[in-house]
Amino acid sequence: MPKNKTIERYLQDFSCIIITGASSGIGRELLSRIEYSGTAASVFNLSRTPPETISKALKFTHLNCDLSQPAHIESVVAELKKLMPSTGRILLVNNSGFGAYGEFPAPGIDHTLRMVDVNTRAPVHLTALLWNDIKTRGGQVVNVASLAGYQPTPLMATYAATKAFLLNWSIALDAEGRAFGVSCVAICPGPVSTNFSKAAGFESSTGLGGQTVQACVEESLQAMMRQRPQIITGWKNRLLGFFSARLPKPFVAKIGLRMIRRLKLDRFVKKS
Ligand SMILES: NC(=O)c1ccc[n+]([C@@H]2O[C@H](COP(=O)([O-])OP(=O)(O)OC[C@H]3O[C@@H](n4cnc5c(N)ncnc54)[C@H](OP(=O)(O)O)[C@@H]3O)[C@@H](O)[C@H]2O)c1
């Protein structure tokens, strides 16, 4: 793990760190970096399964929560408020999320609606319930969006739209929050090797390659430390995001459809 004193100091500046989806992938790597920083903060993970092998030195609590269920969010935040320290800066990372591939509404209406709930409704709900505490005590809200949020993406239409929502919401919240000393950062990765493709309905890796989870989280932490409202991780992704955000959306969607079809991703889709 890279030794980075500035990132360690940035992480040590919070008394309470709340992260969703630290059981796997990007969230788990971020939790490792938090562990490694030697922070004295109380750290909470909200997801359906607990992360494995957490260092005993970390003040860590896993709170079981299915973020597609608003009632779970309400009760988990009530519990969280009893457990979290009452002073000091708060870092909230809305990371949980998943994708879907195929012609709308594939892979199914239930999957699609749960995805909308976990990717958009849950971050808004969770942030709203904690917003007063964050505003009063100072802190940061981080939203893991996606490069897909920069353009309409056929065959991933709903997933990309949830991430466009998260990206725009996050940037607007950052503008509002600055008056209270609160920053928001939208992290926008391109493909990263995690369990993401499995959760999106693929049987095996799609072979699209992409960033390692370590590289993605390192860039994300740099952006969080610098309070950048948005970051696309990986230079190739930044180039893609730069151009696609400047071209007419219907044109980008047509080209995108052709390019995605050419990748023949259907061969990786789990047969039900
Ligand atoms: N990997 C990529 O290529 C990529 C690219 C761009 C953006 N992203 C975004 O990065 C974020 C993290 O994804 P990842 O790549 O790390 O994938 P991952 O390895 O599949 O991790 C997803 C995390 O989300 C949590 N989650 C899923 N459904 C949940 C629910 N109903 N309630 C609570 N937590 C839930 C999972 O926890 P449990 O299963 O334990 O609940 C898991 O910890 C997502 O928002 C994703 O959209 C990923």
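For ligands, and for the atoms within them, numbers begin at 1 and follow the listed sequence.
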Hey, looking at atom 27 (C) of ligand 1, which of Arg28, Arg48, Met115, Lys163 has the closest heavy atom? Arg48

Quiz question: by atom type and distance under 3.5 Å, do the side chains of Thr39 and Gln12 form a donor-acceptor pair? no

Would you kindly check if the NZ (Lys) or CZ (Arg) of Arg246 is within the cone defined by 45 degrees around the ring axis of Phe242 and under 6.0 Å from the six-membered ring centre? yes

Backbone or side-chain N or O of Ser146 under 3.5 Å from ligand 1 N or O: no

Please determine if Ala199 has a nitrogen or oxygen closer than 3.5 Å to a nitrogen or oxygen of ligand 1. no

Note: ligand 1 atoms sitting under 4.0 Å from heavy atoms of Val118 are 31 (N)

Shortest protein heavy-atom distance from atom 31 (N) of ligand 1, along with the residue and atom involved: Asp66 OD1, 2.8 Å

Check: of Asn195, Thr49, Val217, min heavy-atom distance to atom 20 (O) of ligand 1 comes from Asn195

Pick from Ser23, Gly27, Ser24: the one approaching atom 36 (C) of ligand 1 most closely through a non-hydrogen atom: Ser23

Side-chain donor-acceptor pair under 3.5 Å between Asp174 and Ser183, yes or no? no

Examine the side chains of Thr127 and Asn94 and answer whether a donor and an acceptor come within less than 3.5 Å of each other. yes

Quick check on the hydrophobic clustering: are Met225 and Ile17 connected, directly or via other members, by side-chain heavy-atom contacts under 4.5 Å? yes

Nearest neighbour of atom 34 (N) of ligand 1 from the list Ala122, Pro123, Ser96, on a heavy-atom basis: Ser96

Side-chain donor-acceptor contact under 3.5 Å, His72 with Asp66: no

What residue and heavy atom of the protein are closest to atom 15 (O) of ligand 1, and at what distance? Thr194 OG1, 2.6 Å

Where ligand 1 meets Ala145 - atom numbers and elements under 4.0 angstrom, heavy-atom basis: 7 (C), 9 (C)

Looking only at distance, does Val192 have an N or O less than 3.5 Å from an N or O of ligand 1? yes

Interfacing atoms of ligand 1 (cut-off 4.0 Å, heavy-atom, Gly25): 16 (O), 19 (O)

Any donor-acceptor pair under 3.5 Å linking the side-chain atoms of Glu219 with those of Thr233? no

Can you tell me if Tyr10 and Gln227 form a side-chain donor-acceptor pair at under 3.5 Å? no

Do the rings of His111 and Phe98 sit parallel, tilted or perpendicular, given the 30° and 60° boundaries? perpendicular

Candidates Gly149, Gly97, Cys216, Gly190; heavy atom nearest atom 13 (O) of ligand 1 found on Gly97

Could you please spell out the steps behind the side chain to side chain donor-acceptor pair (under 3.5 Å) verdict for Glu218 and Gln222? CA-CA 6 Å; Glu218 174 65 27; Gln222 296 283 352; 3.1 Å; yes

Ignoring angles and geometry beyond distance, decide whether Leu67 reaches within less than 3.5 Å of ligand 1 through its nitrogen or oxygen atoms. yes

How far is atom 6 (C) of ligand 1 from the closest protein heavy atom, and which atom is that? Pro189 O, 3.2 Å

In terms of residue, atom name and distance, what is the protein heavy atom nearest to atom 8 (N) of ligand 1? Tyr159 OH, 3.7 Å

With respect to Ile26, determine whether any N or O atom, backbone or side chain, lies less than 3.5 Å from an N or O atom of ligand 1. yes

Answer with yes or no whether the side chains of Arg33 and Ser37 bring together a donor and an acceptor at under 3.5 Å. no

I need the Phe165 CZ to Arg121 CZ distance, nearest 0.5 Å. 10.5 Å

With rounding to the nearest 0.5 Å, note down the distance linking SG in Cys184 to CE in Met224. 11.5 Å

Cys65 heavy atoms within 4.0 Å reach ligand 1 at atoms 32 (N), 33 (C)

Would you indicate which of Val213, Val76, Asn95 comes nearest to atom 44 (C) of ligand 1 when only heavy atoms are counted? Asn95

Just which atoms of ligand 1 are under 4.0 Å from any heavy atom in Pro191? 3 (O)

Check whether any heavy atom of Gly99 sits under 4.0 Å from an atom of ligand 1. no

Looking only at protein heavy atoms, what sits closest to atom 9 (C) of ligand 1 is Val144 CG1, 3.8 Å

